[in-house]
J.: 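One structure, as structure tokens, below. Some questions next.
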Amino acid sequence: MKKITLLSVSFLCFVSFITAQVTTIADSNIIIKLNQQIDDLVVQKNTNALDDLYADDFVFSHGSGRIEGKQGWFKSVANGGFLLRQHDSVTVELHPDIAIVKGKLSVQKKNKDKTESYHLKYIRVYALRHQRWLMISHITFYEYHEPQSW
């Protein structure tokens, strides 16, 4: 009887571990897709859709040192000329109700008379609020601008 109980408990622990791993992978994939979706919406200048994906207390720390909140960032998005915002090498560290996302972002942006390309490394933080993942922070900690070709 003790062997059966020990075997049952071991099996249940194994199943719980596997279920937790699958859930973590699924949640990470959801965050990775959401992360790219947000930047696709930035390219589209769709601040109405973005409003539901950024927390009201969102803070954007640019590579230049400039810091702005949600509404300031939305003004930049509306005026922005972003042609591309593509993520690469994205990793997700999950905690209860918090996801820390690290990755690289390649950006192409059209200005008045030129197109600039730059790449950045970032950390983003998402919080699970009211059963939805919302971005609460973006921090650019490295930025490289490609030389202009004439």
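Keep in mind that the numbers below use all heavy atoms, side chains included, and drop hydrogens, waters and symmetry copies.
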J.: Does a sphere of radius 6.0 Å around NZ in K33 hold more than 12 heavy atoms from other residues, nucleotides or ligands, not counting ones at 6.0 Å or beyond?
T.: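 12 or below, so no.
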
J.: For the CG atom of L53 and the OG1 atom of T47, what is their distance to the nearest 0.5 Å?
T.: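 Result: 11.5 Å between the selected atoms.
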
J.: List the steps, then state whether side chain to side chain contact (heavy atoms under 4.5 Å, CB included) holds for Y126 with N35.
T.: CA-CA 9 Å; Y126 289 83; N35 200 47; 2.6 Å; yes

J.: Return the NZ to OG1 distance between K109 and T115, rounded to the nearest 0.5 Å.
T.: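 One finds 11.5 Å between NZ of K109 and OG1 of T115.
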
J.: So if you build clusters from Ile, Leu, Val, Met, Phe, Trp, Tyr with side-chain heavy-atom gaps below 4.5 Å, do I100 and F141 land together?
T.: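 Hydrophobic grouping puts I100 with F141.
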
J.: Measure from NZ or CZ of K121 to the centre of the six-membered ring of Y142, then state whether that distance is under 6.0 Å and the direction lies within 45° of the axis.
T.: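 Cation-pi check for K121 and Y142: passes.
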
J.: Go through L128 and W133 one step at a time and tell me if the side chain to side chain contact (heavy atoms under 4.5 Å, CB included) criterion holds.
T.: CA-CA 4 Å; L128 189 60; W133 286 106; 3.9 Å; yes

J.: Strictly below 4.0 Å, N to O, side chains only: are K114 and E116 in salt-bridge contact?
T.: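 The answer is no: the pair does not qualify as a salt bridge.
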
J.: Can you tell me how far CD1 of I98 sits from CD of E93, rounded to the nearest 0.5 angstrom?
T.: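 E93 CD to I98 CD1: 11.0 Å, rounded to 0.5 Å.
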
J.: Would you sort out whether F74 and E68 count as a side chain to side chain contact (heavy atoms under 4.5 Å, CB included), showing the intermediate values?
T.: CA-CA 10 Å; F74 282 5; E68 60 189 345; over 6 Å; no

J.: Linking I/L/V/M/F/W/Y whenever any side-chain heavy atoms sit under 4.5 Å apart, do V90 and I123 land together?
T.: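 No.
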
J.: Might you point out which heavy atoms bring Q108 and S117 nearest each other, and give the distance in Å?
T.: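 Shortest heavy-atom separation between Q108 and S117 comes out as CG-OG, 3.5 Å.
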
J.: Which residue, K104, H145, H138, forms the side-chain contact (heavy atoms from CB on, under 4.5 Å) with L120?
T.: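 Going through K104, H145, H138 one by one, the side-chain contact (heavy atoms from CB on, under 4.5 Å) with L120 is satisfied by H138 alone.
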
J.: Under 6.0 Å between ring centres: does that hold for H87 and Y122?
T.: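 For H87 and Y122, the ring centres are under 6.0 Å apart.
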
J.: Between D39 and F82, is there a side-chain heavy-atom distance shorter than 4.5 Å?
T.: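 A side-chain contact is absent here, since even the closest heavy-atom pair is not under 4.5 Å.
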
J.: Report the C-alpha separation of I38 and L50 in whole Å, then their side-chain angles, then the decisive distance to 0.1 Å, and conclude whether the side chain to side chain contact (heavy atoms under 4.5 Å, CB included) test is met.
T.: CA-CA 7 Å; I38 285 173; L50 289 170; 3.9 Å; yes

J.: Would you name the heavy atoms of V107 and R85 that are closest together and state the gap between them?
T.: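 Answer, listing the atom of V107 first, then R85: CG2-NH1, 4.0 Å.
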
J.: Is the closest basic N to carboxylate O distance between R129 and D56 below 4.0 Å?
T.: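 Salt bridge: no.
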
J.: On the 0 to 90° scale, with breaks at 30° and 60°, tag the H62-F60 ring pair as parallel, tilted or perpendicular.
T.: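 The arrangement is parallel - the two ring planes meet at less than 30°.
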
J.: Could you tell me how the ring of H119 sits relative to the ring of Y144: parallel (under 30°), tilted (30 to 60°) or perpendicular (over 60°)?
T.: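 H119 vs Y144 ring planes: parallel.
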
J.: Can any side-chain N or O of R132 pair as donor or acceptor with the backbone N or O of D52 at less than 3.5 Å?
T.: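 Checking the backbone N and O of D52 against the side chain of R132, a donor-acceptor pair under 3.5 Å is found.
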
J.: Consider only side-chain heavy atoms of I, L, V, M, F, W and Y, link residues closer than 4.5 Å, and tell whether V42 and I136 are in one cluster.
T.: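 No, because V42 and I136 fall into different hydrophobic clusters, even though each may have its own neighbours under 4.5 Å.
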
J.: Just how far is it from atom CG of D51 to atom CD of Q71, taken to the nearest 0.5 Å?
T.: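 CD of Q71 is found 7.0 Å from CG of D51.
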
J.: Should W73 and M135 be regarded as members of a common hydrophobic cluster, given that ILVMFWY residues are connected when their side-chain heavy atoms come within less than 4.5 Å of each other, either directly or indirectly?
T.: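 Yes: a chain of side-chain contacts under 4.5 Å links W73 to M135.
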
J.: Same hydrophobic cluster for L134 and L94, using side-chain heavy-atom links shorter than 4.5 Å among ILVMFWY?
T.: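 No, L134 and L94 fall in different hydrophobic clusters.
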
J.: What distance separates I32 CD1 from Q37 CD, expressed to the nearest 0.5 Å?
T.: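 The CD atom of Q37 is 14.0 Å from CD1 of I32, to the nearest 0.5 Å.
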
J.: As an exercise, state the distance from CD1 of I67 to CD1 of I139, rounded to the nearest 0.5 Å.
T.: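 So the gap between those two atoms works out to 9.0 Å.
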
